[in-house]
Amino acid sequence: MSTPSLARVIAAAILAVCALAPGQAGAQNFERPVRLVVPFAPGGTSDILARLIGPKLSAAIGQPVVVENKPGAAGNLGADTVAKAQPDGHTLLLMDVGSLATAPSLFSDLTFDVQKDLAPISMVMFGPYVLAVHESVPARSPKELIEYAKANPNKLTIANSGVGGATHITAVAMAKQLGIQWKNVPYKGGAAASRAVVSGESGVIINGATATLPFVVNKQLTGLAVTGEQRIASAPDLPTFKEAGLPGGDAGTWQGILTTGGTPPAMVARLNAEIRKILEMPEIAQKIAEQGGVVRAQSPEEFRNWLKDATERWGTIIREAGIKGS
């Protein structure tokens with residue numbers, strides 16, 4: 001290579017480094033408090049996880065992490081806030097990402113693009129659903145619940161965490177497969193739905209174990225079955241959906257953390273690394289296990305692929321059932 005050509009190559013390399021380095025190096029630093037948006041009311045699974053992870057993340061990045069509950073529109077209100085934030089990794093979203101997977105098929109007026117306006121950081125956990133009833137419902141097993149529902153069409157009310165949320169879609173799909181009819185009642189999050197069934201305002205619930213299992217353990221609700229491949233250690237008497245002959249055994253809450261789309265990859269990588277370290281902490285894994293969940297950390301790419309696949313799969317169910325968001 002001639003001297004002039006070599007000089008041009010070196011100059012180009014220097015320019016490339018100068019153009020790349022400031023953005024990447026700066027993007028990995030946290031310069032102000034971080035907002036951790038939970039798009040549901042306090043007390044639900046997402047909120048519990050946010051308050052477990054938030055202090056650990058704060059210690060890791062040297063900035064306060066402020067949990068902000070922003071319920072409404074099946075989680076879309078809070079998700080929209082993060083989607084439209086400054087793309088610098090300082091605004092995070094922790095939620096049941098099943099709701100994100102269903103949103104594009106449910107809402108024609110969705111104000112953000114799940115794939116483009118949000119950047120996956122890491123999945124956090126999988127938690128099975130619990131099927132439970134208020135004591136006034138005359139069913140002490142899945143079989144008795146199905147028989148009662150078939151004999152009394154539209155008499156049972158089943159609480160969910162919001163119109164179009166994953167628990168709503170699961171209840172609709174289950175009713176269709178079982179040939180039963182029950183009234184779906186939306187609430188602002190899983191915690192509110194659980195409290196509604198505890199009070200007797202609604203009769204049945206299918207919801208994340210993290211938020212609902214404590215009510216079963218404390219005998220405030222009658223547990224009937226759990227999703228997932230195995231029974232829950234803290235409620236070993238509850239059969240799995242598969243054991244009980246119920247459809248939807250693979251349903252559950254998939255909790256993940258995302259940030260604003262367009263956030264520099266270096267910042268996404270930094271956040272992924274910090275979240276994975278937190279999830280590897282024994283005390284965090286133990287807390288999640290106590291709630292019936294399992295840690296499921298993923299790379300940003302694995303999480304993005306999961307979200308894409310789930311969006312296609314849930315979309316098929318929604319279209320076939322003719323479900324519309326409100």
Side-chain angles (χ1 to χ4, degrees), residues 35-55 66-79 81-82 92-100 102-103 124-135 137 157-171 183-224 226-228 232 234-235 238 251-257 284 287-293:
R35 298 168 66 195
L36 180 50
V37 176
V38 174
F40 303 111
T45 304
S46 302
D47 183 67
I48 291 170
L49 289 174
R51 296 178 193 283
L52 277 176
I53 293 172
V66 181
V67 176
E68 180 180 334
N69 296 93
K70 202 171 182 64
N76 293 330
L77 189 61
T81 297
V82 179
L92 310 179
L93 175 68
L94 198 165
M95 66 179 295
D96 184 339
V97 292
S99 295
L100 284 180
T102 61
V124 171
M125 64 159 272
F126 166 77
Y129 283 161
V130 174
L131 170 64
V133 298
H134 184 260
E135 62 178 7
V137 175
T157 53
I158 180 164
N160 62 60
S161 59
V163 174
T167 57
H168 177 202
I169 304 303
T170 298
K183 296 178 182 176
N184 289 279
V185 183
Y187 292 90
K188 291 184 177 180
S194 296
R195 290 194 296 270
V197 182
V198 170
S199 70
E201 182 176 293
S202 288
V204 187
I205 188 169
I206 301 172
N207 194 49
T210 307
T212 304
L213 191 60
F215 294 112
V216 174
V217 173
N218 292 331
K219 310 297 183 185
Q220 294 171 281
L221 293 175
T222 301
L224 300 183
V226 297
T227 63
I232 297 175
S234 55
L238 297 185
T253 174
W254 291 87
Q255 300 282 336
I257 296 182
I284 296 296
K287 287 287 186 183
I288 290 176
E290 287 173 357
Q291 303 297 328

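Atom-to-atom distance recorded for L49:CG and T253:OG1 is 8.0 Å, nearest 0.5 angstrom. The line from CD1 of I288 to CG of L52 is 6.5 Å long, rounded to the nearest 0.5 Å. Once rounded to the nearest 0.5 Å, the distance linking OG1 of T45 with CE of M125 reads 6.0 Å. The CD1 atom of I205 lies 12.0 Å from the CG atom of L224; values are rounded to the nearest 0.5 Å. Within the model, atoms CD1 of I257 and CD1 of I53 stand 4.5 Å from one another, a figure rounded to the nearest 0.5 Å. Atom CG in N69 sits 12.5 Å away from atom NZ in K188 (nearest 0.5 Å).
For the pair V198/L221, a side-chain contact is recorded, criterion being any heavy-atom separation below 4.5 Å from C-beta on. Under the 4.5 Å side-chain criterion, counting only non-hydrogen atoms from C-beta, H134 is in contact with V197. Considering only heavy atoms from C-beta on, L238 stays 4.5 Å or farther from I232 through its side chain.
Of all the heavy atoms in V97 and G256, the pair that sits closest is CG1-N, 3.9 Å. For Y129 against A166, the heavy-atom pair with the smallest separation is OH-CB, 3.3 Å. Across every non-hydrogen atom of F126 and A251, the tightest pair is CZ-O, 4.0 Å. When all heavy atoms are compared, the tightest approach of S99 to F40 is OG-CZ, 4.2 Å. Taking both residues in full, the closest heavy atoms of G43 and A191 are given as C-CB, 3.5 Å, listed atom of the first, atom of the second, then distance. Of all heavy-atom pairs spanning K70 and T81, the tightest one is CE-OG1, 2.9 Å.
Side-chain N or O atoms of S202 include none that pairs as donor or acceptor with a backbone N or O of A196 at under 3.5 Å. In this structure, T212 contributes its side chain and A209 its backbone to no donor-acceptor pair below 3.5 Å.
Among residues two or more places apart in sequence or in another chain, the side-chain contact (heavy atoms from CB on, under 4.5 Å) test is passed with A103 by N76, F107, L110.
S161 pairs with exactly one of T167, N207, D96 by the side-chain hydrogen bond (donor to acceptor under 3.5 Å, both in side chains) rule, that one being T167.
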L131 and V204: side chain to side chain contact (heavy atoms under 4.5 Å, CB included), yes or no, with the steps? CA-CA 7 Å; L131 170 64; V204 187; 3.8 Å; yes
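With 3.5 Å as the limit, one finds no donor-acceptor pair spanning the side chains of T222 and E135.
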